[in-house]
Each structure stands twice: as C-alpha cells, then as structure tokens.
Amino acid sequence: MIVKPQLAQLGLFDAKVPRYTSYPTAPHFSNDVGSSLYGDWISGIKPGSSISLYIHVPFCRRLCWFCACRTQGTQTDNPVIAYVDVLKAELDLLAARLPEGVTLSRLHWGGGTPTLLNPDLMRDLAAHILDVVPLGPDAEFSVEIDPNEIDEARLDALAEAGMNRASIGVQDFDDEIQKTIGRIQSYDTTRKAAEMIRERGIHSLNADILYGLPHQTKTRMTESVQKLLSLNPDRVALYGYAHVPWMAKRQQMIPSDALPTPEQRLDLFDTARRLFMWDNYAEIGIDHFATQEDGLTRALKTGKLKRNFQGYTDDQAEVLIGVGASSISRFPQGYAQNAPATSAHTKAIREGRFSTSRGHLFKGQDILRSRLIEALMCDFKINSAEILRDHDISASELNQMYQSANAAFDNLLTITEDGLFIPPEARPLTRMIARSFDAYDLSKAGHSSAI
C-alpha cells in the first residue's frame, strides 16, 4: 500500500503535469498547420465514414470565477445571433470539402453556455448542422446544459433536434463554496433541470463536479456527492479544480488561502470516489464514473475506451472536427485549432476561409507515444502485443521505455511479457507515469496539479 509520504516523495503533490486529452498537448501546437492543410485533411476523410463534430459556443450570461475556459459574457442575444450565423457559414465551408456519405457518430455542443441560445436559434443551428452532415445509426447528440440557463421551450427545441444525452455542470452544492467561486446554482434548480431533461425522454445524463475548491472539506464533499447521486446521473466527471489566476484572470476573485492543500485534495477526491463506488458506479480512468449499463463502462470492459478533448469517450471515430472559435480538430494526420479570439475567427469565416491558426502535424513517434499515454490514462496498462502489432517499435525498445518509467517511480509498476501495468495503489500517479512517455518539453505552460 502506497501512503502519502511515499506519494509526496514521488512528487505527486508538487508536480504540474498535462491532463493528456491530446498528445502532444495544445501548448506544443505551432503555426505549421493552417487553413489550407486543414481543408486538405477534411477532403481526405474517407467517403461514407463516421466522424465526430464539436460545436463551440463561447458565450455565458455570467462568467463564473472558477472557470478557465475561453468565454465571454453577454446580456443580450445580438452577439449570439451573429455568432450562430458565423457557425453556419463555417459549416458551409465544411460541407464544400466533406466527401460524400459522411455521417456523425457524435455531435456535441459545448461552451461557454450553448443553452443561452433561444429556441429558434437552437432549431436553426441544429437543422443546419444535420443538413451538412447527418446523424448516423446509434449516433449520440449531447449538449452542455447550464441549469440556470434552461427552460421548457429550449429543452423542447433540443429534444426535437435529436439531443439524446445531456451534460449538466454541478461543481459543488455548498452555498459558501458557490459564492466563493461565483457560481450560484441551488440543488433545487439542478434537480428541476434534470427532471425536465428526463421528462423529454432524454435518459442519458452526465454531470460534472469539482474537487479542490475553496472551503471544500470531506464533509461538504460528501454532502454534494450524495445530492448529485440523488439525481441518478449516468456518468460523472470528477475534475480537480485548477487554480491558474495568471492564465484565467477571473480566478483572481478566488482567495488562494481558502484552497485545500494538495494532500487535502487527494482526500477530497478519495472521499468522492468511494461514494461513487459504493453506489455501484464503475471507475472510468482517472476521473470519471459511470453506471454499469453506460457506454463508457462497456467500452472499458471491451478495451475500446478512448480519451479526447471532452475527457473519456466510447466514440471510435478517427476524425473529430471542431467548429467555432478556439475549437480543436483531430485527424489521423494531426491537430488543427481555430483562431481562439471570436473576432479573428469571425473575420476569417466571413472572408470565406477556415480560421485555422495553429496545430500539430504528427511526426516521429507521436502516434506511438499518443497511444502509450492513452492506454495508461484509460486502462492503467499498456498491452505490448497491441503496440508491437500497430507501431514501428522493437520489443527491446518498448521494454526499455517500460524500465525507464518504472525506475522513475521506485519500481512500483508491474512489467511482464504482456506489458506494463499500474497497480491500483499507484493510480494517483497515473498522469505522472504517462508523462514518462512524453517526448516533448515539459516546461511548457498549461499543465495542472497532478492531483
């Protein structure tokens, strides 16, 4: 059994490491990828294949202080209406490049707050998307829903458009914590939103909750998790709050002296984890939980669990296209990111070109190392037979990678002829262990606490 002093000695409470929702991570993107190459990648999608589509809406009625996402506040619909027109124009550019017969396996609206769109805008945008690329068989259409920014009419519009999974942000139900992070959202408001969602036949419900928030204690964490469990979510993302006020200026509103210590963060995570496990949720990777019937659990059991910019997924599509300002796309050839600023993105689209401003072209061992890291993040193990079958690497070189990683962690890992395994007691170190397989400069900004 690994105890806190040993975890501390290995650097868990001090390390800053990526979340590895991509490899290489976004700070390593460059301007080597532009709109022309991005367009070529779209044209190169296999006809008749399935892809994923992410729609980014970077607007909120209020800016929560804890959030580090690239968003902007608005009290009127005018900028939102104009932005939806830009999204539609970008979709038209996409349609001109997409090969025939491409369908969607996943469609996700994120933000920001996509539910601040009025019902007519929702219907208009959804119709435009599905005219460009229709939903395929068993497709999943999910939307991030702010319980403070939703009503019957908007949920009707989303349900009519085909939404079959909803995701609600909770963060924490404690009143003092909510006031400190600038996110007032009562349990009753959240419960009502969940009820309205399910009343429309949308039975797949995700929820996000945070640990590591100011004033959080194990007792408060327990109360918030128990309230969340009463809503019967199908999936839960238990994210660690990343306090980066030098990057996200609004976080300067949050008193740093009220934050739990790294050791306390681990206790908070473990408190929540135990509650989800006691309620028979399956543990998915490092920070997700799902019911036994959920697609994530099935993917875990069948070795098909994946990791992308939204976290863990059961989506098997090779291509993810991001639409909207700052959105990131993934292709077999590499990553492409739209201009982060809404103004720059809008200008490019109105000029009839994609706003791709940076990205990464896979080279060298990128794809190999990406798979090694994803395997650790998803399954806590690397299957040597799979890696040797699918990648250009010798058994001796792969074993050398294993031995190097193991040596860096006091030989806590297990190495057999089948591969490398992270034992349950060492799983708090997973992101740090994954970092051992990262060939890029680890001093790049954008990394968060290892726990």
Side-chain angles (χ1 to χ4, degrees), residues 57 60-62 64 66-67 106-119 122 126 140-175 177-178 181-211 213 220-239 272-273 275-282 284 287-297 310-314:
V57 180
C60 296
R61 294 297 183 205
R62 71 199 187 292
C64 303
F66 74 90
C67 181
R106 297 290 186 277
L107 170 61
H108 183 76
W109 292 10
T113 309
T115 50
L116 59 68
L117 273 64
N118 66 49
M122 288 178 171
E140 187 175 280
F141 176 8
S142 59
V143 178
E144 294 176 13
I145 291 175
D146 179 352
N148 286 317
E149 192 64 46
I150 196 64
D151 54 29
E152 304 268 0
R154 283 179 282 187
L155 278 175
D156 285 342
L158 289 171
E160 291 165 11
M163 181 181 75
N164 53 16
R165 181 177 289 278
S167 181
I168 56 175
V170 171
Q171 321 322 333
D172 194 287
F173 284 118
D174 183 86
D175 290 342
I177 294 173
Q178 288 187 0
I181 66 174
R183 171 70 172 240
I184 306 301
Q185 179 182 309
S186 70
Y187 169 75
D188 287 340
T189 296
T190 309
R191 177 183 53 78
K192 179 60 177 176
E195 290 173 350
M196 289 193 298
I197 288 166
R198 289 205 161 105
E199 285 168 0
R200 284 155 180 79
I202 302 159
H203 299 297
S204 297
L205 182 65
N206 299 2
D208 295 345
I209 190 167
L210 293 177
Y211 70 92
L213 291 171
R220 287 176 165 180
M221 187 90 247
T222 297
E223 291 173 351
S224 286
V225 170
Q226 288 176 333
K227 286 180 177 179
L228 177 58
L229 286 169
S230 73
L231 304 179
N232 298 311
D234 298 88
R235 297 178 187 174
V236 177
L238 176 62
Y239 292 130
R273 173 185 173 275
L275 290 168
F276 290 123
M277 300 295 285
W278 285 338
D279 229 43
N280 201 33
Y281 281 74
I284 308 295
D287 54 17
H288 279 52
F289 300 86
T291 62
Q292 299 298 323
E293 301 77 26
D294 188 79
L296 284 186
T297 305
Q310 278 80 56
Y312 290 101
T313 180
D314 54 351

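One-based numbering along the sequence shown.
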Would you say that [X] contacts [Y] through its side chain, given a criterion of any heavy-atom pair below 4.5 Å between the two side chains?
{"X": "W109", "Y": "V57", "result": "no"}
{"X": "H288", "Y": "R235", "result": "no"}
{"X": "R191", "Y": "L231", "result": "yes"}

In Å and rounded to the nearest 0.5 Å, what is the [atom1] to [atom2] distance from [X] to [Y]?
{"X": "I284", "Y": "T313", "atom1": "CD1", "atom2": "OG1", "result": "11.5 Å"}
{"X": "L158", "Y": "I197", "atom1": "CG", "atom2": "CD1", "result": "9.0 Å"}
{"X": "L205", "Y": "T291", "atom1": "CG", "atom2": "OG1", "result": "10.5 Å"}
{"X": "S224", "Y": "L229", "atom1": "OG", "atom2": "CG", "result": "11.0 Å"}
{"X": "E144", "Y": "T113", "atom1": "CD", "atom2": "OG1", "result": "8.5 Å"}
{"X": "Q292", "Y": "T297", "atom1": "CD", "atom2": "OG1", "result": "5.5 Å"}

So which atom in [X] and which in [Y] form the shortest heavy-atom distance, rounded to 0.1 Å?
{"X": "F276", "Y": "V236", "answer": "CZ-CG1, 3.6 Å"}
{"X": "P119", "Y": "A157", "answer": "O-CB, 3.8 Å"}
{"X": "D174", "Y": "R220", "answer": "OD1-NE, 3.3 Å"}
{"X": "T189", "Y": "P147", "answer": "CG2-O, 3.5 Å"}
{"X": "A166", "Y": "I202", "answer": "N-CG2, 4.2 Å"}

Any sub-3.5 Å donor-acceptor pair from [X]'s side-chain atoms to [Y]'s backbone N or O?
{"X": "Q185", "Y": "G169", "result": "yes"}
{"X": "T115", "Y": "I145", "result": "no"}
{"X": "D208", "Y": "Y239", "result": "no"}
{"X": "D279", "Y": "Y281", "result": "no"}
{"X": "S230", "Y": "K227", "result": "yes"}

Among R183, R61, R62, which one satisfies salt bridge (Lys or Arg N to Asp or Glu O under 4.0 Å) with E149? R61
Listed partners of R200 passing side-chain hydrogen bond (donor to acceptor under 3.5 Å, both in side chains), at least two apart: E152, D156
Results of side-chain hydrogen bond (donor to acceptor under 3.5 Å, both in side chains) for N164 - residues two or more places apart only: none
Just checking, is any N or O donor in the side chain of S204 or D234 under 3.5 Å from an acceptor N or O on the other one? no
Can you list the steps and then say if L275 with T222 is a side chain to side chain contact (heavy atoms under 4.5 Å, CB included)? CA-CA 8 Å; L275 290 168; T222 297; 4.0 Å; yes
Go through M221 and I209 one step at a time and tell me if the side chain to side chain contact (heavy atoms under 4.5 Å, CB included) criterion holds. CA-CA 10 Å; M221 187 90 247; I209 190 167; 4.0 Å; yes
State which residue, out of M163, R165, R106, H108, fulfils the side chain to side chain contact (heavy atoms under 4.5 Å, CB included) condition with F141. M163
